[in-house]
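Each remark here refers to the structure printed beneath this line.
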Amino acid sequence: MQFSERWLRTFVDPPVASDELARLLTMSGVEVESCVPVAPPFTGVVVGRVISVHKHPNADRLTVCSVDGGKGEPLAVVCGAPNVVAGMKAPVALVGAKLPGEVEIKATSMRGVESRGMLCSARELGLSDDHSGLLALPADAEPGRDVRQVLALDDRIFTLKLTPNRADCLSVLGVAREVSALTRTKLQAPEIRPVPAASDAKFPVKISDARGCGRFAGRVLSNVNAAAPTPAWMRERLERAGQRSISALVDVTNYVMLELGRPLHVYDLDKLSGGIDVRFGHKGERVKLLNDMTVDVDETVVCITDRSGPIGLGGIMGGDSTKAESTTRNIFLESAFFYPDAIAGRARRYNFASDASHRFERGVDFDNNIAGIERATRLILDICGGEPGPTVDTVAKLPERKPVRMRVSRAHKIIGVPVPATDMADIFGRLGFRPGRDGEAFVVTPPSYRFDIEIEEDLVEEVARVYGFERIPARPPRAPAAMRPQPEAQRSRHALRQRLADADYQEAINFSFVDPQWEADFAGEANPIRVLNPIASQMAVMRSTLIGSLVANVAYNLARKAPRIRIFELGRVYSRDPSMKEGEQDVAGVRQPTRIGAIAYGSALEEQWGVPDKRQVDFYDVKADVDALLAPRAARYEAAAHPALHPGRSARVTLDGAPIGWLGELHPRWQQKYGLPLPATLFELDAEALGQIGLPRYQEVSKYPPVIRDRAMEFDDSLPAARILEEIERNRPPVVQEIRLFDFYRGKGVERGKKSLAFRVVMQDTARTLTDAEADAAMAQLTELLAAKFGAKLRT
C-alpha cells in the first residue's frame, strides 16, 4: 500500500512529524517499509513565464529566452530545450539556486550571451528521468511562486508492508483510522452525500449464487464525456500512490479504491446485453480480460455474466468486451462484495494479480458499497458530467459478524502488563469497536471492515498494539534452576546424534510429508495418511519411514558432485493404529514413533594415501556403525525381506528378542529408479529402544592371562549363526568369557548342504591361571553342546 502523506493528512492531521508517524505505525503492527520525499531538496526554483524566444546568434541549438520570474525585470536565460515556446510556464532556477547534486546556479556567458538562470527539466529537479524538454507547469501558476509549493513537492510517500490480516489498511481511510486511534486525533472522513437520481435508468442485476457474491450495487450514468481529462489533483494523488493515470472513468474508480478501500468497475452500458447475472462459471466458458489475457473458467471461479456469457471475473478483473472507452456515452457503475474464500488464489491460478483481487481475497468492507458508488458518482459528474439513475442495491447474503468476548484477566496474562480496564475501553472506542461489558469481560462486535477480529486473542492483540508494544517492559522469564538427575539407564537423543556424528555421518532434517510414491516403494504402503491441504503434490502424505527422505538426500548430493555421502536423520514417522488414544502428544488412531535412520554411499573411507584402493561401503561397514550406536548393548541380525532393501542383503535388527528396525543394502530396483550409480547401505531403528541401555554392572577384571582356542565345526547350511551363538551364550561353561564367530566357509572339503563356522573362544578365571586340562574340558563341553543341540561335527 502506497500513498501520499498530504493525502493522509486531509483525513487526519496529528501534530507529529513524518518520521514519528512512520514509527508509530510500525510499532502498532502496520509496518512502514519506506517514507521518502516526493522530490529531493532544492531551493531558488520559481515559476517562470516565457515572454519571448529568440534564436541564439552563435549556436544553432540554443535559444535566448526572456523569462518573467516574478521579480519585476525579465530575465535573459539561454536554453537548449526543444519544447520551449513563448507563453509556456516552466521552472526557472534563479541565480544562487541550489539544485539536486549540489549544483549551484550562477550568472554565466554561453557563446557570448549572458544567462541569468536556468529553465529546468524534470530530471534537473530530481522529479523523474525525463530530460526531453522543459517541465511544463500549470497554466494558472503564478510567476515567481516557489515551484515546491506549486507542485506540492514538500510531501512524502509512505509505503506500507501489510500483513494479510490487515486488509482494512489497504486504503487511505483505513490508515487514517489507525493514525486517529494511535494519536487520539480526530478523524475527518470525506463527507459523502447521496447524489439524487436525474433519470429512471436502471440495469437489472441478479445474484445466482450467494456463496461467491453477497452484495451487488449498481448505477447507470448516461451522457458522460469519457474523454474528459482527469484533474491534476487526482492525477497527482494517483501517481504518488503508484497508479498510472489511464482515463477519467478508470482514474475515478482507482481513486475511490485507494481512498475508501472500495474496488469499483465501470461497464460500457451499450455493450451489455440483457441483465447481469453473478454466478460461478461453467466448464468450457472463456473470457478475454482487460489485460488481453483469455482465460478458461470453471465451477470455482465467480463470473460476471450477461446474455453473451462471462464478461469478467468477479472480484478480480473486468472483461475486454464491455470495457469503457473514450467514446463511451453511457456507463454502468458496479460496487460489489465478494467473499474472500471465493476469490483467494483465483488470480494466481491465471498467473496475474490485480488490485481488486488483492483486496477482495483479504476482505473488503461489505457496508460501504453505497458510499463507494455515491463517491464515484459525484466525482464522475464533476469531471465527465452526465445524468445519474437511481442506485440499485441487490443484497443476497452478507457475512455475520459474531460478537467476540475478551476477558480482562486473559488479556493481562497474555500481554504481561496489567492494562487497566478503562484503558482497554478507551482503546476499543478509539478503534471504533463500541464495546459492551459482560461482567469483567468486554464483548465486541467487529466492524464490517475488520475481517481479522474473530477470537479473543485478536482483541488482546488490538489492546497490546494500541497501548504500545514499547510500553511493555522486557522482563526475561524467571524459573528456579534445579539440578535434574540424569538417569544412568537411559541415553538422550543428543547422545545418539553425537555417536553417528562421530561415525562421520551428517545430520539432515527433512519434511514429514513426502511423495506418495516413496511410501509405495520404500514402505509398501498403498494407503498412507494423507495431508488434507498439501503445499505440493509431491508432499501429499505423511511418511511411515525415513528411507525415502534419506535416498532423496543422497540423490540431491550426487547431483551436486558429492562422491561420498553419509547422512542420518532422527525424526517421527506416522502410521495408522486404531488402538492409539488421544493424548498430549498423540492423535487418536495414529502412531507417531521416533526413528533414527542413516544411509552410506560411496567409498568406505575418505580418500587418503594410506588406503590405495577405494573400497565401496558395504553391509558390514554400516553394521559396525549400528553396533557402535547400540553399545554397550548387542543386537542380533536376522535375514528377512523388506520392500526397500536388497532381498539377499537385508536383516531385521532385534534387541533382547524384540525387533527394533532394519539394516541392508538398497534394493537394485530403487537404486536404478532414483538414479544412484552405486549401491547404498542404510538402516532405520526405533529411537526409543536405543535410548534404553540398562544400569551399569560391576564385573571383576581378571589379572590372570586368558586362554584362547579356536574351534571349527560343520553345521546344516540353513542353520542361522545367531541361533548357535544364542545357545552357546545360554549354556557356556563358567570359564568361557567370550565367543566370537570369525570365519565362515562353504565349499571344497565340506559336505554339500553343510557349512563350516569357526569360533574363537576366550577362557579366563579371576582367581587363578587356567590349566590346559581345564581349557580342554571347557572346549569339549562346548563341542558336545553343539553336537547334541544342532548335530554339528568337528571339522577335520
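All heavy atoms count here, side chains included; hydrogens, waters and symmetry mates do not. One-based numbering along the sequence shown.
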> Can you tell me how far the CG atom of Leu94 sits from the CG atom of Leu75, to the nearest 0.5 Å?
Replying inline: 6.5 Å

> What distance separates Thr230 OG1 from Tyr255 OH, expressed to the nearest 0.5 Å?
Replying inline: 12.5 Å

> Do the side-chain N and O atoms of Thr159 and Glu33 include a donor-acceptor pair separated by under 3.5 angstrom?
Replying inline: no

> Hey, what do you get for CD (Glu462) to CZ (Arg450), rounding to the nearest 0.5 Å?
Replying inline: 4.0 Å

>> Quick one: does any side-chain atom of Ser34 pair with a main-chain N or O of Val36 as donor and acceptor, under 3.5 Å?
In response: no

>> Test of understanding: with side-chain contact (heavy atoms from CB on, under 4.5 Å), list the residues that count as partners of Asp438, not counting sequence neighbours.
In response: Arg405, Val443

>> Determine whether a donor-acceptor pair (N or O, by modelled atom type, separation under 3.5 Å) exists between the side chain of Arg410 and the backbone of Glu457.
In response: no

>> So that I know where these two stand, are Trp7 and Phe158 an aromatic pair - ring centroids less than 6.0 Å apart?
In response: no

> Can the positive tip of Arg262 be found less than 6.0 Å from the middle of the six-membered ring of Phe337, inside 45° of the ring normal?
Replying inline: no

> Is the backbone N or O of Val32 less than 3.5 Å from a side-chain atom of Thr26, with the two atoms forming a donor-acceptor pair by type?
Replying inline: yes

>> Tell me whether Glu456 contacts the main-chain N or O of Arg407 through its side chain, where contact means a donor paired with an acceptor under 3.5 Å.
In response: yes

> If every non-hydrogen atom of Ala217 is compared with every non-hydrogen atom of Asn369, which pair is closest and at what distance?
Replying inline: CB-CB, 4.3 Å

> Backbone N or O of Thr185 within a donor-acceptor pair of the Ser180 side chain at under 3.5 Å?
Replying inline: yes

> Under 3.5 Å, is there a donor-acceptor pair linking the side chains of Glu325 and Thr328?
Replying inline: no

> In this structure, are over 12 heavy atoms from other groups packed under 6.0 Å from Arg362 atom CZ?
Replying inline: yes

>> How about CD on Glu440, more than 12 heavy atoms from neighbouring residues, nucleotides or ligands closer than 6.0 Å, or not?
In response: yes

>> Check whether Phe42 forms a cation-pi arrangement with Arg148 (NZ or CZ under 6.0 Å from the six-membered ring centre, at most 45° off the ring normal).
In response: yes

